[in-house]
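Heads up, the thing below is written out as structure tokens.
All values below come from the heavy atoms of this structure, side chains included, with hydrogens, waters and symmetry mates left out.
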Amino acid sequence: MKAHGGGAIVNIGSMWAHQAIKATPSSAYSMQKAGLHSLTQHAAMELADFGIRVNAVAPAVVITPIYEAFIEAEKVSETLAGFNGFHSLGRIGRPEDVAAAIDFLPSDQASWITGTVLNVDGGVMAGRNQ
């Protein structure tokens, strides 16, 4: 990126790095994501002189195949639906919700954004319903 005059990096963080949730014990995961958020901010400062922007998105619960590692595949949708009320907008996220933010951050429309951790979380960090 330095050799080509700049670029953009988008890291994938998590709202769990911002807020602990007792229902989902995930200390190690959250610690790693908090470190990634810090890396995003520090790298943004270190790479700005090279025209490289560094940002992250921080999703809440998003339905993805990862849940099949510990929930039976046919029960993932039903299980995750239990988190709908956790999100201010009343539903869990979809991959395309997060993908839209990931597409935006490296775009020219975001050319003056760097060092930001963008919550893509259905409003969880604004306030939870439960």
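- Residue-environment remark: CD (Glu74) exceeds the threshold of 12 foreign heavy atoms within 6.0 Å.
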Criterion side-chain contact (heavy atoms from CB on, under 4.5 Å) on Val57 and Leu105, from CA distance to verdict: CA-CA 9 Å; Val57 295; Leu105 287 170; 3.8 Å; yes

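- With sequence neighbours excluded, the residues satisfying side chain to side chain donor-acceptor pair (under 3.5 Å) with Glu96 are Arg94.
- The distance from the OG atom of Ser77 to the CD1 atom of Ile92 is 7.0 Å, given to the nearest 0.5 Å.
- The cluster map of Ile, Leu, Val, Met, Phe, Trp and Tyr, joined by side-chain heavy atoms under 4.5 Å apart, puts Trp16 and Ile63 in the same cluster.
- Put simply, CG on Leu118 and CD1 on Ile113 are 8.0 Å apart, with the number rounded to the nearest 0.5 Å.
- Closest non-hydrogen pair, Val120 versus Ala101, comes out as CG2-CB, 3.6 Å.
- A distance of 10.0 Å separates CE of Met1 from CZ of Arg53, quoted to the nearest 0.5 Å.
- In this structure a side-chain-to-backbone donor-acceptor pair under 3.5 Å is missing from Lys75 to Leu80.
- Side chain of Thr40 to main chain of Ala56: no donor-acceptor pair is present (N/O by atom type, distance under 3.5 Å, no hydrogens or angles).
- To the nearest 0.5 Å, atom CZ of residue Arg91 and atom CG of residue Asn84 are 9.0 Å apart.
- Here the side chain of Asp121 pairs no donor or acceptor atom with the backbone of Met15 at under 3.5 angstrom.
- Both Phe104 and Val10 sit in one connected hydrophobic cluster of ILVMFWY residues. Membership requires side-chain heavy atoms under 4.5 Å apart, directly or through other members.
- Residue pairs meeting the ring pair (Phe, Tyr, Trp, His ring centres under 6.0 Å) criterion with at least one member in residues 51-72, sequence neighbours excluded: Tyr67-Phe70.
- Looking at every heavy atom in both residues, Ile52 comes nearest to Thr114 through O-OG1, 4.4 Å.
- Residues Gly13 and Pro59 share a closest heavy-atom pair of O-CD, 3.4 Å.
- Residues Asp49 and Lys2 are not paired through a salt bridge, judged by the lack of any N-O separation under 4.0 Å between the basic side chain and the carboxylate.
- Pairs passing the ring pair (Phe, Tyr, Trp, His ring centres under 6.0 Å) check and including a residue from residues 28-53, sequence neighbours excluded, read His18-His37.
- Within 6.0 Å of CE on Met45 lie no more than 12 heavy atoms contributed by other residues, nucleotides or ligands.
- Of the possible polar contacts, one joining the Ser111 side chain to the Asp108 backbone as a donor-acceptor pair under 3.5 Å is found.
- In this structure, the side chains of Val62 and Asp97 stay at 4.5 Å or more apart for every pair of heavy atoms.
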Determine whether Glu68 and Val76 satisfy the following criterion, side-chain contact (heavy atoms from CB on, under 4.5 Å), listing intermediate values before the conclusion. CA-CA 7 Å; Glu68 294 175 15; Val76 170; 3.8 Å; yes

Applying side-chain contact (heavy atoms from CB on, under 4.5 Å), run through Gln19 and Val124 and close with a yes or a no. CA-CA 10 Å; Gln19 186 176 51; Val124 170; 4.2 Å; yes

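- Note on Val61: it clusters hydrophobically with Met125, by side-chain heavy-atom contacts below 4.5 Å among ILVMFWY residues.
- Of all non-hydrogen atoms in Lys33 and Ile12, the two that sit nearest each other are NZ-O, 2.7 Å.
- Closest approach of Ala17 to Ala34, counting heavy atoms only: CB-N, 3.3 Å.
- Between the Ser88 side chain and the Gly123 main chain, a donor and an acceptor come within less than 3.5 Å of each other.
- Formation of a donor-acceptor pair under 3.5 Å by the Thr116 side chain with backbone atoms of Asn55 is not found in this model.
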